[in-house]
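Structure, as structure tokens:
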Amino acid sequence: MAQGSLNKATHSGNSANDNRKVDTFARRQKLLQHRKSLPIATVERRLIDEVRKNDILIIVGETGSGKTTQIPQFLFNAGFCKEGKSVGITQPRRVAAVTVAKRVAEECGVELGQRVGYSIRFEDVTSSSTRIKYMTDGLLLREALLDPYLSRYSVIIVDEAHERTVQSDVLLGLLKNVQIARSKSNGQLNTETNGMVLEKENDVQSSIFLKHDQGKKFPPLKLIVMSASLDARVFSDYFGGAKAVHVQGRQFPVEIFYTFHPEPDYLDATLITVFQIHLEEALGDILVFLTGQEEIESVERLIKERVLQLPENNQRLVTVPIFSSLPSEQQMRVFAPTPAGYRKVILATNIAETSVTIPGIKYVIDPGLVKARSYDPKQGLESLTVVPISKAQALQRSGRAGREGPGKCFRLYPESEFEKLENSTKPEIKRCNLANVILQLKALGVDDIIGFDFIEKPSRSAIVKSLEQLFLLGALTDECKLSDPVGRQMSKLPLDPVYSKALIIASEFKCLQEMLITVAMLSVESIFYAPRDKLDEARAAMKRFSSPEGDHITLINVFRAANEFMEKNLTCGKEKADKILRKWCKENFINNRSLRHARDIHNQIREHVQQMGLHIVSCGDDVLNFRRCLAASFFLNAALKQPEGTYRALASGQIVQIHPSSVLFQKKPECLIYNELIQTNHKYIHKITRIDYLWLTELAPQFYSMQS
DNA sequence: GAGCACTGC
């Protein structure tokens with residue numbers, strides 16, 4: 001699968017140039033040859049037979065089997081796209097949806113967006129003639145809100161289901177119900193089911209299943225679940241013993257090495273292993289899995305120091321770091337070919353496990369650790385901690401050494417430790433805040449969340465906690481139904497429910513323009529980028545935007561400054577404007593990717609909000625009003641200063657600290673609201689604005705009763 | 001005076 005590979009697909013079929021035609025022809029011949037050589041090519045007919053026979057099919061295919069690119073084409077050729085119906089394929093990541101769609105369009109010799117297309121947030125490259133549609137799983141979930149029967153699809157393929165993202169887990173539950181509903185619409189199914197469809201039959205108002213499609217007939221929906229892990233049983237059991245077929249992959253052997261004893265210092269062991277490979281093994285690049293930016297930077301420094309101590313003819317070693325918050329130009333360095341005679345050492349976080357495929361890797365060093373997010377629903381506390389990886393992750397990591405030839409993987413722990421690892425990583429849905437998932441399900445007509453047929457059920461307490469949160473936000477009624485209009489409006493917005501509610505409140509406070517910017521900026525990764533070697537410059541740059549009131553207004557200042565800057569340069573073309581903005585970001589130590597993302601989100605939610613009929617007005621200089629609005633919106637995240645200078649979060653009673661990245665880090669206001677609480681070395685609150693304590697009882701009396 | 005793995009609508 002071409003995930004994250006940055007090959008530029010050349011579009012065929014639009015060339016007037018003869019030379020290019022020849023090139024295109026040669027390339028197509030090559031593609032055809034490649035397709036025929038894929039392991040999956042030999043089982044095309046068998047697979048199609050199985051799809052005809054089974055409404056649900058599990059396909060287990062290892063990497064390199066070609067299942068993602070080939071199966072949709074098999075289905076198309078077998079006539080599954082007749083009468084305007086489409087095959088939909090979901091991916092957990094945007095890049096994957098895009099790169100695979102490009103590849104398949106090329107293989108089919110069609111223009112991207114015609115027969116083969118893709119659809120991801122902010123980007124829809126499909127048309128009425130699209131029959132093979134790649135998309136992100138989250139997008140299909142959104143689509144289900146508008147078209148509950150997913151009526152345009154004859155087949156839906158959920159790819160990479162083993163990754164068990166929240167979105168794909170919810171999607172599987174939903175698809176199970178859609179399948180029942182469609183069969184039933186055809187009179188093919190009369191038995192009682194516990195799906196949402198039958199439950200909601202009498203409740204036309206809240207069940208979108210029956211709202212506009214009552215009496216309509218839908219052809220059955222075929223469902224294919226594709227997974228790379230051997231764990232097909234989970235999916236097969238979930239779908240009532242569904243048939244599973246295995247497709248061979250094409251992976252080279254990877255030799256695994258363990259240490260004899262546990263390593264007390266895995267960073268030191270990493271360094272030793274790097275140099276051992278460098279001095280003793282054949283040429284080939286090394287991929288090292290580390291837990292975070294800080295670790296990567298220090299290992300990089302140490303390698304650079306030690307390489308200078310080697311004899312000169314052994315010094316041909318280059319290091320390249322990659323992690324998500326690195327600016328994309330620097331991320332691209334991992335794809336640059338290694339200079340002849342050199343060895344490249346890539347120091348990566350988990351990003352290299354699935355999101356980015358780096359070519360040329362022959363050796364993998366795996367200390368067996370990962371920084372993982374966990375969530376404690378009782379305290380509403382998120383944590384980021386270093387924990388051991390699962391066996392499946394260890395396998396995925398070692399596999400990175402065998403993509404182009406035989407490889408070696410060095411696990412920096414004994415084999416006995418490997419045996420003790422969990423088989424697979426805990427699915428995300430069991431370790432996250434469920435407010436968003438619940439809001440979505442409610443909007444889809446699923447009222448009994450605890451009874452919903454999750455592939456793996458989140459804990460009852462996690463569900464209850466999120467229901468409570470939604471109730472406090474006014475999204476649910478006393479009967480735990482989606483409220484109208486508030487809950488219904490919130491479910492339409494692609495935002496954290498707290499932020500959706502903030503927009504609704506802001507329209508009452510007449511500061512919706514400011515809040516739109518705020519939630520867009522809060523929805524992206526850190527806006528400020530401070531490289532270690534230019535920390536002072538970066539700080540000075542941040543000062544130019546900072547507001548004494550706190551981080552929210554600081555973020556608005558950044559957004560508006562960028563906007564003004566763009567408007568000044570409106571006359572030049574789009575590409576030029578992008579380039580100018582990049583330069584502006586660099587000068588101001590702002591992460592260009594994050595800012596662009598925030599601008600996209602801003603545009604998207606502005607449209608949504610307009611369609612809802614909310615009025616986008618600015619409160620101008622009335623900062624006080626905006627702060628009151630923040631207090632009214634984020635009252636669940638209020639904190640009071642303690643005598644020692646720490647804070648007490650009022651809703652949970654936890655003792656927390658202001659994160660040093662906040663503009664209020666030194667100011668320490670008496671009372672504040674925050675938008676993020678995360679435990680690393682301490683419990684830190686991020687994105688803070690100072691408020692007046694009295695506002696809380698005034699603006700959120702339902703929560704802060706009259707005591708002062 | 002410290003640091004945040006990775007996705008997605």
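A, B, ... follow the sequence lines: proteins, then strands. Residue 1 opens every chain.
- Counting 5' to 3', DNA chain B first comes under 4.0 angstrom of a heavy atom of chain A and last does so at the ends given by B:dG1 to B:dC9.
- The pair A:Glu428-A:Arg164 fails the salt-bridge criterion, with no side-chain N (NZ, NE, NH1 or NH2) lying under 4.0 Å from an Asp/Glu carboxylate O.
- Across all strands shown, A:His659 has heavy atoms under 4.0 Å from sugar-phosphate atoms exclusively, and none from any base.
- Mapping A:Ser523 and A:Lys371 onto DNA chain B via the closest heavy atom, the residue that lands nearer the 5' end is A:Lys371.
- Residues A:Gln440 and A:Val170 have side chains not in contact (no heavy-atom distance under 4.5 Å, counting atoms from C-beta outward).
- A:Lys492 pairs by the side chain to side chain donor-acceptor pair (under 3.5 Å) definition with nothing, not counting sequence neighbours.
- When each of A:Glu294 and A:Asp137 is assigned the nucleotide of DNA chain B with its nearest heavy atom, A:Glu294 is the one assigned upstream, toward the 5' end.
- Using a 4.0 Å heavy-atom cutoff across all strands shown, A:Gln293 reaches sugar-phosphate atoms only and no base atom.
- Legend: residues meeting side chain to side chain donor-acceptor pair (under 3.5 Å) with A:Ser466, ordered by chain and number and at least two apart, are A:Asn433.
- A:Thr291 comes within contact range of the sugar-phosphate backbone alone, with a heavy-atom separation under 4.0 Å but no base atom that close.
- Heavy atoms of A:Ile120 sit under 4.0 angstrom from primed sugar atoms or phosphate atoms, though from no base atom.
- The aromatic rings of A:His659 and A:Tyr684 stand perpendicular to each other, their planes meeting at an angle above 60°, with 30° marking the opposite boundary.
- The residue A:Leu384 sits close to a base: some heavy atom pair falls under 4.0 Å.
- Using a 4.0 Å heavy-atom distance criterion, A:Arg164 is classed as making no nucleic acid contact.
- Using the six-membered ring where Trp is involved, A:Phe545 and A:Phe528 have ring planes that are tilted, between 30° and 60° apart.
- Within 4.0 Å of A:Thr680, counting heavy atoms only, lie sugar-phosphate atoms of the nucleic acid but no base atom.
- Contact annotation for A:Phe122: no contact, since no heavy-atom pair falls under 4.0 Å across all strands.
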